[in-house]
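Here is the structure we will look at.
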There are 2 protein chains.
Amino acid sequence: MSTTLHDVARHAGVSIKTVSNVVNGLGRVSAATRERVLASIAQLDYRPNLSARSLRSGRTGVIGLAIPELSLAYFAQLADAVIEEAERRDLVVLIEQTRGGDRDRELELLRGPRRQLTDGLIFSPFGMTEADTGLLDIRSPLVLLGERLPEANVDRVTMRNVEAGAAATASLIRLGRERVAVIGAHLDARMGSAVLRYDGYVRALREHGLELRDELVVEVDLWHRSNGAKAMRELLARDEPFDALFAMNDELALGALRVLQEEGIDVPSDVALIGFDNVDEGGFSRPSLSTVDPGRPEIAAMAIDLLLERIGGASIDDIAPRELQSSFRIIDRESTRGA
Amino acid sequence: MSTTLHDVARHAGVSIKTVSNVVNGLGRVSAATRERVLASIAQLDYRPNLSARSLRSGRTGVIGLAIPELSLAYFAQLADAVIEEAERRDLVVLIEQTRGGDRDRELELLRGPRRQLTDGLIFSPFGMTEADTGLLDIRSPLVLLGERLPEANVDRVTMRNVEAGAAATASLIRLGRERVAVIGAHLDARMGSAVLRYDGYVRALREHGLELRDELVVEVDLWHRSNGAKAMRELLARDEPFDALFAMNDELALGALRVLQEEGIDVPSDVALIGFDNVDEGGFSRPSLSTVDPGRPEIAAMAIDLLLERIGGASIDDIAPRELQSSFRIIDRESTRGA
DNA sequence: AGCGATTGATACAACGTTGTATGCTGAGCC
DNA sequence: GGCTCAGCATACAACGTTGTATCAATCGCT
């Protein structure tokens, strides 16, 4: 079939191991034999068999990335960042979709045989509940993205959701708006981005001496665009005036934006709007959408670095699980511009 | 480390091969021993080592997907479809980005050692030129997406671009529009989607007895949103009246839409608009975007099936390369609705 | 009863690689 | 001149799996 070390060795008149050493730059090989071997390698177009290598070494050079759905812009862009950062470390990425965060599928990915294909997994959980937390206790390297499953004894990358939520809200208040609505809250939840971003919202209101009005808070289960539209209709139906809106992600914001426009409400003059996530699309909506950039490349880099340490042998017992936080940035676009 | 066949065999008091047979459902194994072995497998939490398996079998169960950029909605949704279809065939997908279609990167992916990680590659070429076509002549299974590199002696999945372009154009004409502009043309090119969709446009005009006006044709190099905006400004500057627009993909359409709105031109009443690709986002723009659905799941399924045949051993010499075409569908949304 | 056929299980080799142990030079030193 | 020691290269085993060949025991048939 394809050329092996054996073929090269025979062709160059040396032992298999010497060829292996040349390929990997190990051991002492005289310049003369090295030349000869390299020539043979080039001539025979030898390429190492990665299956054999990983059988021997126990490493595959592949990391897994499990996300709810690649069609969601946020995750597509995240995957993009992970692939690029992985590439930089000579790793390759295998993407698994949990089909919108299906719990059973998530568990299957965590424990299934396919885990063997990868050295470790970067996992953005969604459907698993806190009761499932124990199931995360797996031998192989794992890094969680986001703040779900807070009890899990695992490395984790998050962002400063409270601070970012506060900064987003503050950016609206700084425009002179005093009735800032928010959509996407999960008031009953104890943890999660929704809770943290909402905390930030509340904090910013307080710091600027504004009143928190429950009538301006809309709960939204899934942060999809259609739900953003629904939430906005609900808010409008309450007949409670507002002049600014913090949407907990860009999808919600874009859904809300559409309804606002249908109702003839101008953004930003009537209602200033800021989203969250900095999805590409927000730069092209009309008006373009102000947002919070979560620093995806940084998130990707942190996750991979954490993973690599575990892959390198640092077990959970050796080093306690850590949580790294990416830095965010407010992006000012048309939806919060002008008076 | 982790449990192997050996461990299970010892635990169940049988030979290694018997355990292997149970796992793979091969050979004859009595119900009694099968029970015993399965019990041991469950008890020891045995999972087959996929590296060893693929070393032995020569298959990895992984296919590669090389696309320009995951952040582009079209490719994200395509990747989604490929992953789902692969899953259905018990395959897993390794995504490689060619960084917006960088030629050197494309060649690297085609010939690099990482090809060994996968059983075959689904490749959406972009940067490679016709001069590079010969470099596609690789031993390992390969399927191209799209009509670039037309001379390549390789399996390929395309869509009926001419028919689809004609159908899109016709859907505008059927609204009563008589001055249909088009953006995205590559007039100097001999091949590619741009040429084919343009052919469709021309054909539809002719079939409906409309005149082809060069002033209504705008060339656009890269089909990005910003270029859609640029093209629209160029078209408006020509001061040539038009009442409908066929954009060669949704990105162009959305870019153009934004400019039309900035200029106070109403869509669809002043200008009816249709795009191409059925990117999710088009369903949420305002007005929502009519488009051509290229049938991504079908494309993914066809590509994987072609690949699997080659992986199964059908070499290019055995079976001549084939081209499969997906079926498309016009999606009517607000941008072509009403009078 | 004696024979071949069938069933159920086993031993062994091999996939291509790399780590370990070992061997063979010849140069340097007392 | 015999010793050590570095320098270079090799042989062998092992990673965990599966295909092939083989074998023992049981079965069915004349």
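In what follows, chains carry the letters A, B, and so on, assigned in the order in which the sequence lines appear, proteins first and then strands, with residues in each chain numbered from 1. Not measured: the values here are computed from a predicted model.
Rounded to an integer number of Å, the gap from A:R47 CZ to C:dT17 P is 12 Å. In this structure, B:I16 atom CD1 and C:dC12 atom P are separated by 11 Å, rounded to whole Å. Atom CG in B:N24 sits roughly 10 Å away from atom P in D:dT17 (whole-Å rounding). Distance B:K17 NZ to D:dT20 P: 9 Å, rounded to the nearest Å. Summarising the geometry, the separation between CG on A:N21 and C1' on D:dT10 is reported as 10 Å, rounded to the nearest angstrom. Rounded to whole Å, the distance from OH on B:Y46 to C1' on D:dG16 is 7 Å. Residue A:L26 contributes atom CG, which lies 15 Å from atom P of D:dC8 at whole-angstrom precision. Distance B:R10 CZ to C:dT10 P: 15 Å, rounded to the nearest Å.
Closest to the side chain of B:T18, from the set C:dT10, C:dG19, D:dT17, is C:dT10. Listed candidates were D:dT17, D:dA9, C:dT20. Nearest to the side chain of A:S30 is D:dA9. Residue B:R28 has its side chain nearest to C:dT7 when only C:dA9, C:dT7, D:dT10 are considered.
A distance-only check finds a donor-acceptor pair linking the side chain of A:D119 to the backbone of A:T60 [under 3.5 Å]. In terms of modelled atom types and a separation under 3.5 Å, the side chain of B:Q77 and the main chain of B:D280 share a donor-acceptor contact. Judged by distance alone, the side chain of B:E309 and the main-chain N or O of B:A314 form no donor-acceptor pair under 3.5 Å.
Going from atom CZ of B:R322 over to atom CG of B:D155 covers 5.0 Å, rounded to the nearest 0.5 Å. Note that CD1 of B:I41 and CG of B:D7 are 11.5 Å apart. Values are rounded to the nearest 0.5 Å.
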Worksheet item: Would A:L78 and A:L145 satisfy side-chain contact (heavy atoms from CB on, under 4.5 Å), going step by step from the backbone distance to the final call?
Response: CA-CA 11 Å; A:L78 178 66; A:L145 298 183; 3.7 Å; yes

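The side chain of B:S20 contributes an N or O atom lying less than 4.0 Å from OP1 or OP2 of D:dT18. Using a 4.0 Å cut-off, no side-chain N or O of A:T4 falls inside it from OP1 or OP2 of C:dG16.
Using a 4.0 Å cut-off between charged nitrogen and carboxylate oxygen, A:R103 and A:E106 do not count as a salt-bridge pair. Under 4.0 Å is where a charged nitrogen must lie from a carboxylate oxygen, and between B:R296 and B:D80 no such pair does. One finds no salt bridge joining A:E84 and A:R88 here, because no Lys/Arg side-chain nitrogen approaches an Asp/Glu carboxylate oxygen to under 4.0 Å.
For the pair A:V23 and B:T33, both in contact range of DNA chain C, the more 5′-proximal nearest nucleotide belongs to B:T33.
Listed in residue order, the members of residues 49-61 of chain A having a heavy atom less than 4.0 Å from DNA chain D are A:L55, A:R56.
Axis angle, first five pairs versus last five pairs of the helix from C:dA1-D:dT30 to C:dC30-D:dG1: 50°, rounded to 10°.
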